[in-house]
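First up is the structure itself, then whatever we jot down about it.
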Amino acid sequence: MTDPSSGTDYLQQTTRFEPAAVEARWMKRWLDEHLFHAEPDPDRPAYSIVIPPPNITGVLHMGHALNDTVQDVLTRYHRMLGENACWLVGTDHAGIATQNVVEKMLRKEGLTKEDLGREEFVARVWEWRREYGGTIIEQLKRLGSSCDYERERFTFDEGYVRAVTRVFVALYDKGYIHKDSYLVNWCPRCGTAISDLEVAYRDMPGTLNHIRYEIAGGGSVTIATTRPETMLGDTAVAVHPDDERYTAVVGKTAVLPLLGRELRIVADERVDPSFGTGALKITPAHDLTDFDIGRTHGLETVQAIGQDGRITAAGGPYAGLEVEEAAARVTADLRALGALVKVEDYPHSVATCDRCGTPIEPLISEQWFMDMDELKKPATDVVRDGTVTFTPERWGRVYIDWMDNLRPWCISRQLWWGHQLPVWYCPDGHLTVAETEPQACATCGSTELTRETDVLDTWFSSALWPFATFGWPEQTADLAYFYPTNVLSTGRDIIFLWVARMIMMGLEFMDEIPFDDVYIHSVIQAPDGRRMSKSLGTGIDPLDVIDEHGADATRFGLLLMSSTQDVRFSDEKIAMGRGFANKLWNAARFVLLGTQGYAAERSDVAEVDRWITSRFQRCLAAVEEAVAVYDFTAAVDALYHFVWDEFCDWYVELIKVPLYGEDEAKKAQVAGHARWMLDQIVRLLHPFMPFVTEEIAEQYGAAPLLRQQHPRRDEEQLAADDEKAIGELQAAVDALRRFRAEAEIPPGKVLAAVFAGDAAAAERYEHHAGVFRAMARTTLAFAGEPETDATVVVVPGGRLFVAAAIDKAEEIARLEQQLARAQAEVERGEAKLGNEKFVGRAPEAVVTKEREKLASHVAERDGLAARLAQLRGG
RNA sequence: GGGCGAUUAGCUCAGGGGUAGAGCACCUGCCUUACAAGCAGGGAGUCGCUGGUUCAAAUCCAGCAUCGCCCACCA
């Protein structure tokens with residue numbers, strides 16, 4: 001890249017990392033050079049992820065942003081490990097959602113879909129999709145998502161339709177799909193049946209109405225209902241067989257008030273005798289329990305509520321009323337009759353349409369169902385036996401529990417936008433199910449065929465995503481190479497709707513699981529702990545966050561929020577990411593500008609070089625272990641602390657001494673290593689913060705990092721001795737700094753100190769004399785008597801006597817405090833080691849550690865006591 | 001009704017049998033030639049409550065409380 005990042009002017013002047021321009025430039029380059037695209041390559045292992053396809057009506061929200069960051073980290077990470085990584089991207093045609101959006105648009109033009117007719121309407125939806133359907137894909141790019149955009153798929157594209165049709169026909173031929181007249185969840189507003197999973201229960205206030213039904217031949221029975229209007233569809237009354245209050249009336253006939261319909265009184269165990277009056281009105285056409293009881297007892301069904309949500313002709317005088325109005329009228333009329341015995345407040349949960357919020361009307365209609373019994377067993381087994389793993393694990397148990405209780409899936413929708421069922425009817429009502437339009441009825445040969453108008457549930461097609469996107473039903477090279485995918489990352493809200501069904505379909509049609517791992521990410525709530533939602537006004541637009549802080553910062557912050565539990569959105573974490581990107585950028589500026597002309601080369605000559613290399617290896621190990629178990633917070637945390645606390649705060653400061661020094665050979669060695677180290681860091685960090693790392697790598701000619709390798713784990717680069725040595729150096733500098741702060745010694749004042757202690761420590765400190773000068777503003781001497789008014793600073797391996805300008809009385813008080821603290825530690829340690837049970841039963845390492853601690857506290861105490869005695873005496 | 005999760009510093013959250021951690025916020029001092037979006041230092045918590053196991057519990061177990069989520073044919 002030449003502009004504007006060529007030469008050192010750019011580095012010199014850019015003291016802050018400015019994401020906006022950098023991001024756009026890099027995304028363009030990655031795309032122009034096809035760096036995200038993968039083709040099957042037998043020489044490399046495949047790593048594949050399919051994105052949960054967002055709805056074409058969707059815009060990027062915080063959940064996507066987190067999920068896509070996770071997938072991008074994994075994709076970039078594995079790509080740099082040398083795997084052939086393909087992150088497959090695409091969109092979902094989203095039946096109801098999309099149809100609703102286009103209908104709303106038509107309404108603004110004063111049109112309904114009926115005005116246009118089906119064909120024209122569907123054409124309008126395609127048009128809408130061409131114009132707006134790609135929005136979310138463009139938004140993905142803002143985040144830096146390295147999807148294989150050249151493979152973009154759509155759940156309604158040509159090849160996908162073939163896959164859906166093939167699956168439907170195959171399942172029909174196997175007898176898993178059938179048509180039935182059954183009680184389904186009907187949304188009167190959307191005008192379609194929906195599946196159980198698309199029903200949301202919401203707590204609402206309501207009333208429990210006790211209604212008296214007279215019994216033919218004398219007596220009465222009182223039932224209780226929350227929906228009085230459904231009595232218009234009653235065909236029976238049921239009581240529990242063991243309920244002694246009602247044994248006498250079972251078998252008799254009750255009379256439905258208002259309509260006069262005769263109702264059988266039946267006994268059924270599904271009635272709860274403790275609820276209400278113990279007598280249950282039976283409306284087989286509008287309640288699932290009633291429907292089942294009706295089937296058992298051969299009861300008539302009366303449809304009192306129509307698909308438009310209004311009372312039908314069966315409701316006599318109430319016909320044509322909306323249910324709410326009907327409820328009011330029925331209640332009033334019952335009251336007038338004296339049949340309404342009691343009305344009590346009764347809050348209960350109401351079934352509503354998950355998509356539009358309208359109360360669901362259970363009613364009987366002709367629908368297509370998929371029987372899950374055969375499909376669910378293998379799909380449950382693979383999770384039970386660990387072939388497919390869930391992270392966090394608990395979602396696997398949730399999945400299994402749900403699978404164990406599966407009921408048939410209602411897959412037909414009375415919509416216009418979607419995969420039309422490949423089913424044709426002849427005038428005699430025979431069915432012909434075929435992949436391509438048949439010429440004649442398979443049963444009677446009639447050529448007058450009409451196609452089923454229903455379309456499939458959107459989730460039917462989504463279930464095929466992991467294999468249909470790689471070319472199935474064709475046996476393509478892509479499919480052979482990239483399937484099964486490695487991991488599916490998604491939110492927990494679609495475990496049942498989508499994940500479960502992909503596993504079932506993958507096993508059925510590919511005879512293989514669709515993915516090895518399922519990673520369920522956290523739900524990001526609004527900062528106040530409420531749901532992020534547009535209607536509540538609690539949503540935060542990730543694009544705004546990117547605009548404000550940059551994509552790297554947004555990714556970093558989101559990864560910090562990728563917990564195993566729900567978390568609140570935290571602006572501070574994003575700001576932390578921004579600060580980190582800036583810190584990294586500035587560290588890179590320092591290294592690159594301060595070592596110009598030197599070539600990157602790892603060195604193990606200097607202790608400090610071996611130390612930072614070793615610390616890097618530990619960070620690398622931590623990152624690899626964290627990513628392997630999808631613990632992105634731990635990965636990012638390890639990177640942050642290594643880069644900031646160790647690389648920037650210590651390494652960079654430590655190498656300033658040789659770098660600004662006169663020893664040219666030493667300087668060359670340190671400079672080379674610093675450049676090498678920076679390159680290692682940037683490679684390790686790239687999957688997490690792709691933009692800033694590319695921008696840095698560009699400055700020394702290593703870009704694009706997308707083509708580079710991940711740093712290599714190497715046990716031989718670990719250096720425990722050097723870590724210990726530098727650790728002690730850090731502790732000594734810290735002690736001096738603490739002393740300076742406590743004694744309020746001005747930063748500019750240079751202190752002189754005499755070291756007394758063991759020889760090894762003396763040698764080490766002498767070697768790092770420059771470090772003490774630079775980082776603690778203290779010059780060290782290793783011989784001679786300390787002055788009598790010197791202050792003692794305890795450091796590893798001995799004591800520093802600092803010629804200090806502080807009050808003797810204050811110094812005595814300070815030492816007394818330190819002594820008291822040391823004494824307390826000694827006593828604690830002695831008590832612990834004097835405890836036979838502790839010494840006898842605690843692990844040896846714990847006891848040893850305790851002994852070492854005690855010894856060091858004893859030494860510290862004795863040193864302080866001696867010093868105190870000297871001060872008091874002098 | 002069943003299940004799951006959470007309860008740790010002022011805030012947001014990690015951790016997890018062996019002397020309590022991070023970021024932000026706060027206090028003090030510094031524009032020290034990579035970075036003031038910075039540097040150095042500091043204060044701050046009976047780890048929700050009650051029991052139990054253990055030499056040792058924030059951590060494991062049981063119960064309780066509060067909050068949240070999911071499932072359910074709560075007439």
Side-chain angles (χ1 to χ4, degrees), chain A residues 11-12 15-17 183 196 201 203 208-209 223-227 230 238 270-272 275-283 287-293 346-349 351 362 392 394-395 397-398 401-402 405 407 492-493 495-496 523 525 527 529 531 549 560-561 563-573 575-576 578-594 633-634 637 640-641 648-649 652-653 656 660 734 737-742 744-748 774-777 825 828-829 832 835-843 845-847 849-850 853:
Chain A
L11 260 184
Q12 230 137 26
T15 60
R16 282 185 188 180
F17 178 65
L183 193 89
D196 296 341
Y201 289 89
D203 288 330
L208 188 61
N209 303 271
I223 56 85
T225 179
T226 54
R227 295 196 58 193
T230 62
R270 281 162 285 198
V271 179
D272 175 4
F275 187 92
T277 62
L280 174 63
K281 66 192 263 311
I282 300 298
T283 322
D287 180 279
L288 188 57
T289 308
D290 295 9
F291 180 80
D292 289 342
I293 291 177
Y346 185 73
H348 61 292
S349 66
R394 63 175 182 275
W395 297 113
R397 294 192 292 274
V398 170
D401 287 347
W402 182 75
N405 296 301
R407 301 198 307 154
R492 60 165 193 254
D493 51 331
I495 292 175
F496 307 146
V523 172
Q525 301 165 333
R531 271 168 46 79
H549 300 289
L560 283 180
M561 292 177 233
S563 142
T564 58
Q565 63 175 88
D566 296 350
V567 290
R568 298 177 183 207
F569 180 80
S570 157
D571 215 33
E572 282 86 33
K573 290 198 166 123
M576 207 176 145
R578 185 193 57 191
F580 186 50
N582 192 237
K583 187 73 180 174
L584 183 72
W585 174 250
N586 276 293
R589 284 179 61 227
F590 169 81
V591 170
L592 296 175
L593 290 171
T633 303
D637 190 67
Y640 179 89
H641 287 289
C648 292
D649 287 352
V652 163
E653 295 305 323
K656 280 179 181 173
Y660 296 155
D734 280 343
R737 283 171 165 174
R738 216 173 304 122
F739 161 71
R740 295 187 65 115
E742 277 168 19
E744 291 179 0
I745 294 166
M775 299 184 74
R777 293 257 176 157
E825 293 291 353
R828 280 177 58 125
K832 199 155 190 181
N835 181 341
E836 285 172 27
K837 286 178 174 171
F838 170 69
V839 176
R841 301 202 205 173
V846 172
V847 178
K849 208 169 126 195
E850 203 61 37
K853 271 195 280 186

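In what follows, every chain begins at residue 1, and chains take the letters A, B, ... in the order their sequences are listed.
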A36(B) to G68(B) separation - P atoms, rounded to the nearest Å: 44 Å
Enclosure of Arg394(A) CZ (heavy-atom neighbours >12, cutoff 6.0 Å): yes
A34(B) OP1/OP2 closer than 4.0 Å to side-chain N/O of Lys656(A): yes
Candidates C35(B), C13(B), C24(B) - which lies nearest the side chain of Lys583(A): C35(B)
Value in whole Å for how far the P atom of C35(B) lies from CZ of Arg578(A): 18 Å
Closest to the Thr15(A) side chain, choosing from C35(B), G5(B), C73(B): C35(B)
Spacing of the P atoms in C4(B) and C64(B) (rounded, Å): 14 Å
Parallel, tilted or perpendicular: rings of Tyr640(A) and Phe580(A) (30°, 60°): tilted
Atom-to-atom span, CE of Met775(A) to P of A40(B) - whole angstrom: 8 Å
Whether Phe17(A) and Trp585(A) hold their rings parallel, tilted or perpendicular, with breakpoints at 30° and 60°: tilted
Presence of Arg568(A) side-chain N/O under 4.0 Å of C13(B) phosphate oxygens OP1/OP2: yes
Nearest-Å distance once atom P is located in both A22(B) and A40(B): 14 Å
Flag, side chain of Asn586(A) to backbone of Asn582(A), donor-acceptor distance under 3.5 Å: yes
C1'-based separation of G43(B) from U28(B) [nearest Å]: 10 Å
5'-most by nearest nucleotide on RNA chain B - Glu653(A) or Tyr640(A): Tyr640(A)
Separation of A57(B) P from Phe838(A) CZ (nearest whole Å): 13 Å
Val271(A) side-chain proximity, nearest of G18(B), A37(B), A75(B): A75(B)
Residue-phosphate contact under 4.0 Å: Gln565(A) side-chain N/O, A14(B) OP1/OP2: yes
Residue Thr289(A), side-chain atoms from C-beta onward, closest of G42(B), A34(B), C73(B): C73(B)
Sugar-phosphate, base or nothing in reach of Ala279(A), heavy atoms under 4.0 Å: base
Arg397(A) side chain, from C-beta outward: closest of G5(B), G23(B), A40(B): G5(B)
For the student: nearest non-hydrogen atoms of Arg589(A) and Gln12(A), plus distance: NH2-O, 3.0 Å
Contact nearer the 5' end of RNA chain B, comparing Asn835(A) with Asp272(A): Asn835(A)
Asp649(A), nearest nucleotide to its side chain (from C39(B), C73(B), C4(B)): C39(B)
Sugar-phosphate, base or nothing in reach of Lys853(A), heavy atoms under 4.0 Å: base
Separation of the C1' atoms in G2(B) and C73(B), to the nearest angstrom: 15 Å
Length of the CE-C1' vector between Met561(A) and U12(B), whole Å: 10 Å
Touch class at under 4.0 angstrom, heavy-atom based, for Pro843(A) against every strand present: base
Residue Asn586(A), side-chain heavy atoms: nucleotide from U12(B), C74(B), A34(B) that is nearest: A34(B)
Euclidean distance for P, C26(B) against G18(B) (whole angstrom): 34 Å
Touch class at under 4.0 angstrom, heavy-atom based, for Ser563(A) against every strand present: sugar-phosphate
Dot-bracket summary - RNA chain B, pairs being Watson-Crick or G-U whose distances fall under 3.5 Å, with | when paired to another strand: (((((((..((((....[..)))).(((((.......))))).....(((((..]....))))))))))))....
Between A9(B) and G5(B) - C1' atom distance, rounded Å: 23 Å
Charged N-O contact under 4.0 Å between Lys281(A) and Asp287(A): no
hbond_proxy Arg16(A) side chain to A37(B) base (donor-acceptor, 3.5 Å cutoff): yes
Touch class at under 4.0 angstrom, heavy-atom based, for Thr633(A) against every strand present: nothing
Proximity to the side chain of Ser570(A) - top-ranked nucleotide from G5(B), A34(B), U12(B): U12(B)
Arg394(A) side chain near C4(B) phosphate (N/O to OP1/OP2, under 4.0 Å): no
Arg777(A) CZ: over 12 foreign heavy atoms closer than 6.0 Å: no
Sugar-phosphate, base or nothing in reach of Tyr201(A), heavy atoms under 4.0 Å: sugar-phosphate
Value in whole Å for how far the P atom of A34(B) lies from CG of Asn582(A): 15 Å
Whole angstrom value for the distance that separates P of A75(B) from CZ of Phe291(A): 18 Å
Verdict with supporting geometry, Arg492(A) and Asp566(A), salt bridge (charged side-chain N to carboxylate O under 4.0 Å, His left out): CA-CA 11 Å; Arg492(A) 60 165 193 254; Asp566(A) 296 350; 2.9 Å; yes
Among U12(B), C24(B), A34(B), the one nearest Glu572(A) by side-chain distance: C24(B)
Spacing between Met576(A) atom CE and A22(B) atom C1', to the nearest angstrom: 7 Å
Sugar-phosphate only, base, or nothing, as touched by Val398(A) at under 4.0 Å among non-hydrogen atoms: nothing
Rounded interatomic separation in angstrom, taking NE2 from His348(A) and P from G1(B): 17 Å
Touch class at under 4.0 angstrom, heavy-atom based, for Arg270(A) against every strand present: nothing
P spacing across the pair C27(B) / A44(B), given as an integer number of angstrom: 16 Å
From C73(B), G42(B), C35(B), nucleotide with atom closest to Asp287(A) side chain: C73(B)
Short side-chain N/O contact to G41(B) OP1/OP2 from Arg740(A), under 4.0 Å: no
